[in-house]
S.K.: 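Quick one: the structure is below, and I'll ask about it shortly.
Just so it is clear: chains get the letters A, B, ... in the order the sequence lines come, proteins before strands, and each one is counted from 1.
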There are 2 protein chains.
Amino acid sequence: MTNIREIARLAGVSTATVSRVINDHPYVNEEKRQKVLEIIRRLDYVPNSSATSLKKGMTRIVGVVSGAYTTSSTPFIQAFNIIAQQHGFHVMLFLTDNDCGKELVALEMLRSKQLDALVCLHRANEWPIIESYTKYGPIVTWQRLVSEHIPSVFMDQYQGYMLGLEHLYARGYRRIMNVYSSKGLNTPQRMRAYDDFSKKYRLDDSGFPDLHGKVSITDGEHIARWWLEQTDKPDAIACSNDDVAAGLLTELKRAGVSIPGEVAIMGFDNNNLARLLDLTTVHYPSDQQAENAFAILLDRLGQQAPPLHTLEFELIERAST
Amino acid sequence: MTNIREIARLAGVSTATVSRVINDHPYVNEEKRQKVLEIIRRLDYVPNSSATSLKKGMTRIVGVVSGAYTTSSTPFIQAFNIIAQQHGFHVMLFLTDNDCGKELVALEMLRSKQLDALVCLHRANEWPIIESYTKYGPIVTWQRLVSEHIPSVFMDQYQGYMLGLEHLYARGYRRIMNVYSSKGLNTPQRMRAYDDFSKKYRLDDSGFPDLHGKVSITDGEHIARWWLEQTDKPDAIACSNDDVAAGLLTELKRAGVSIPGEVAIMGFDNNNLARLLDLTTVHYPSDQQAENAFAILLDRLGQQAPPLHTLEFELIERAST
DNA sequence: GCCCTTTTTTAAAGCGGTTTCAGAAAAGCA
DNA sequence: TGCTTTTCTGAAACCGCTTTAAAAAAGGGC
């Protein structure tokens, strides 16, 4: 096996010097540094990461626990991956299917120091159980949760949703319908935003069905068909996410409906699809959220961490409203 | 820090004995074993996995490289996860977005011994590059590839597809249309199967459009609308996967079409959706494929491996044909 | 009690790195 | 020139675990 001692021997230096070269430490004579680098190249040597981890006391692997790879978690996970990579960390993804056992696997790996930290997007076990693992390493979440041990990069959807509704009002729409996702914790806040909004402007929201559990493109298409059949139609539809809005928009256009002439459509998230279809939507800064999550972990790991972003929803005005 | 020495000291034994207790080795006095276990419990001790990995020369982590989390890779990955877990291995998932750099991250982790082995479902880098990493650890794929260094659990789609077509013929259908996925390597073989099939029974396949790139439920719904408009309709449609078939089936049923009375529909994969909708389909044994992949890796790692399954497609007859 | 086998135990040598510490050499500066 | 400071280097001590080799204890047959 080719190890650091072998490199040292061939380069005629000590292992300490080789280690210094590898880790870019100062105080190494340039000639020796080159010699060492050449031997390393020649022998195709890489440091054994278990040894490094053991000595340094960290693996530079962060676990991300997600119930499944969903539309909402995907951008976060991808952004998290990128920022982690930039800081020399690897990400280990745990798709738990909301199974307690699978989730415990991740927690136990934190305990045995195979992971330095954990991001819990969803959870299967009760919070107290998860909290009991914070003594083994930092854990951060994006769910609404107040605990001094588990910091959260949670965003209050109320504000973001209100932003979209106010925009519709400003554009002159008065018969505004809502489509909710219901899964997750966002719905109650969104409903509250809609209620407050309706009261504020004394809007009439009667006659609209309660649309819950709508999350996919197909769901949007169904809603389009529903809309076509109505006599007393809403003049604007605020969707739970961009996928629903996309399905709704394309299906209505197929039916020859003019948008926003006959009905306005608003999405939520600002994903690629929204950009593609020129859909007005509310930007959900999952990139910055992921960067915040990582920064918090870095900080708790005692490393130099970048400053936190102020997370803010942003209205993206496009052609659909 | 609580380490094995601490446990040994408190239990009044040597670290060797503690290690034996932890690893269930024989020749430990029952009384001492209990004493050690009690101390371990009391101090909430877990062995440091970096140390174990270093000493044992393996991390018991296997990487799975996938371009994205798709309908076809999902069941494989899940099955792989389960079998790996059963053998005390963890799985590190790499979603590469078909980016060479992200893929190299995984390969480099194999090189630095952070991973014991790798499964490449998709690949971004050229095969020779990937092959050059086999000297650092076993790599297995499910793509069609003949290389003595990279074993494959590839299945020839020709046979599976023919199985479905023959079934449709036996049921009396003669105007059989195909829907292809085009992404991936399956399509050419399927087209060949269809050609051979048409020639064998002298079937007329003229007048059908070449449907490629159809992979989603939405795609199936589009095809349904296409079908409704035709005058010279096919009497059976073989779909590239169950999702397409599901979209097609439900959309046609919504339009009042009788299935299989007016048109038969066949899927491919046998996923949950197919079961739910009572869809005739060809079972694709991704579970066994995953188990084979793992068994091959285990074997190459010099561990006792379970015997390989013989992978076979199987026709699942349900109500849609 | 003696000899041989089997069970139990430990000291010590790694696994492959990093880091401290002390010292040597070189450089800077009155 | 002598003295301080900076640069460079390597021996050795770990990090926390497993495993080997050998010693000690126990058991069994005579």
Side-chain angles (χ1 to χ4, degrees), chain A residues 1-37 39-40 43-61 88 109 111-116 136-137 302-303, chain B residues 1-37 39-40 43-61 88 109 111-116 136-137 302-303:
Chain A
M1 201 59 246
T2 152
N3 57 19
I4 202 174
R5 258 169 277 272
E6 177 85 351
I7 303 294
R9 193 175 59 75
L10 291 175
V13 296
S14 73
T15 63
T17 300
V18 177
S19 177
R20 272 196 206 94
V21 171
I22 293 169
N23 295 287
D24 265 330
H25 281 273
Y27 300 147
V28 178
N29 177 283
E30 188 53 30
E31 208 173 316
K32 293 199 177 180
R33 154 175 269 109
Q34 288 307 328
K35 177 75 180 167
V36 168
L37 285 175
I39 305 281
I40 285 179
L43 296 205
D44 188 33
Y45 166 80
V46 214
N48 178 308
S49 67
S50 296
T52 310
S53 297
L54 171 58
K55 184 63 205 184
K56 292 207 169 150
M58 57 187 316
T59 56
R60 299 191 86 79
I61 302 180
M109 285 176 79
R111 184 153 96 101
S112 67
K113 299 201 167 307
Q114 199 150 12
L115 300 175
D116 291 342
Y136 307 119
Q303 312 238 318
Chain B
M1 201 62 242
T2 152
N3 57 19
I4 204 174
R5 256 174 287 272
E6 178 83 351
I7 302 295
R9 193 176 58 76
L10 290 177
V13 297
S14 73
T15 63
T17 301
V18 177
S19 178
R20 268 205 208 85
V21 171
I22 292 169
N23 294 288
D24 266 331
H25 282 258
Y27 297 145
V28 178
N29 177 285
E30 188 52 29
E31 208 173 316
K32 294 200 178 182
R33 153 175 268 110
Q34 287 309 327
K35 176 75 180 166
V36 167
L37 285 175
I39 305 280
I40 286 179
L43 295 204
D44 189 34
Y45 166 79
V46 216
N48 178 307
S49 68
S50 296
T52 311
S53 296
L54 171 59
K55 185 64 206 185
K56 292 207 170 149
M58 59 187 315
T59 57
R60 298 192 87 80
I61 302 180
M109 285 176 79
R111 184 152 97 101
S112 67
K113 298 203 169 306
Q114 200 150 11
L115 300 175
D116 291 341
Y136 307 119
Q303 311 238 318

S.K.: CG of B:Leu54 to OG1 of B:Thr59: how many Å apart, nearest 0.5 Å?
M.R.: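 Output value for this atom pair is 11.5 Å.
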S.K.: Any pair with a residue in residues 10-20 of chain A that passes salt bridge (charged side-chain N to carboxylate O under 4.0 Å, His left out), sequence neighbours left out, goes on the list, sorted by first then second residue, please.
M.R.: none
S.K.: Could you state the CZ-P distance from B:Arg111 to C:dG16, rounded to the nearest angstrom?
M.R.: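 Nearest whole value for this atom pair: 16 Å.
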S.K.: Provide, to the nearest angstrom, the distance between the CD atom belonging to B:Gln114 and the P atom belonging to C:dG17.
M.R.: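 Value for this atom pair: 13 Å.
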S.K.: State which residue, out of B:Ser19, B:Pro47, B:Ser14, fulfils the side-chain contact (heavy atoms from CB on, under 4.5 Å) condition with B:Ile4.
M.R.: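 Of the listed options, the one satisfying the test is B:Ser19.
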S.K.: For C:dT8 and B:Tyr27 - does any side-chain N or O of the residue sit under 4.0 Å from the phosphate oxygens OP1/OP2?
M.R.: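 Looking at the OP1 and OP2 atoms of C:dT8, neither is under 4.0 Å from any side-chain N or O of B:Tyr27.
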S.K.: Has A:Lys32 got a side-chain N or O lying under 4.0 Å from the OP1 or OP2 atom of D:dT9?
M.R.: yes
S.K.: Verify, without hydrogens or angle tests, whether A:Asn48 (side chain) and A:Ser50 (backbone) share a donor-acceptor contact under 3.5 angstrom.
M.R.: yes
S.K.: D:dG10 P sits how many Å from A:Ile7 CD1, rounded?
M.R.: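 So the CD1-P distance, A:Ile7 to D:dG10, works out to 15 Å.
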S.K.: Walk along nucleotides 12-25 of chain D from 5' to 3' and tag each nucleotide B, S or - by protein heavy-atom contact under 4.0 Å, base first, then sugar-phosphate.
M.R.: --BBBBBB------
S.K.: If I take atom CG in residue B:Asn29 and atom P in nucleotide C:dT10, what distance separates them, rounded to the nearest angstrom?
M.R.: 10 Å
S.K.: Does the B:Ser49 side chain pair with the main chain of A:Ser112, one donor and one acceptor, at a distance under 3.5 Å?
M.R.: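 Such a contact is found between B:Ser49 side chain and A:Ser112 backbone.
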S.K.: Between B:Thr15 (side chain only) and B:Arg5 (backbone N and O only), is there a donor and an acceptor less than 3.5 Å apart?
M.R.: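 It does not hold such a pair.
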S.K.: Roughly how many Å is it from CD in B:Glu30 to P in C:dT8, rounded to a whole number?
M.R.: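 Those two atoms, CD and P, are 10 Å apart.
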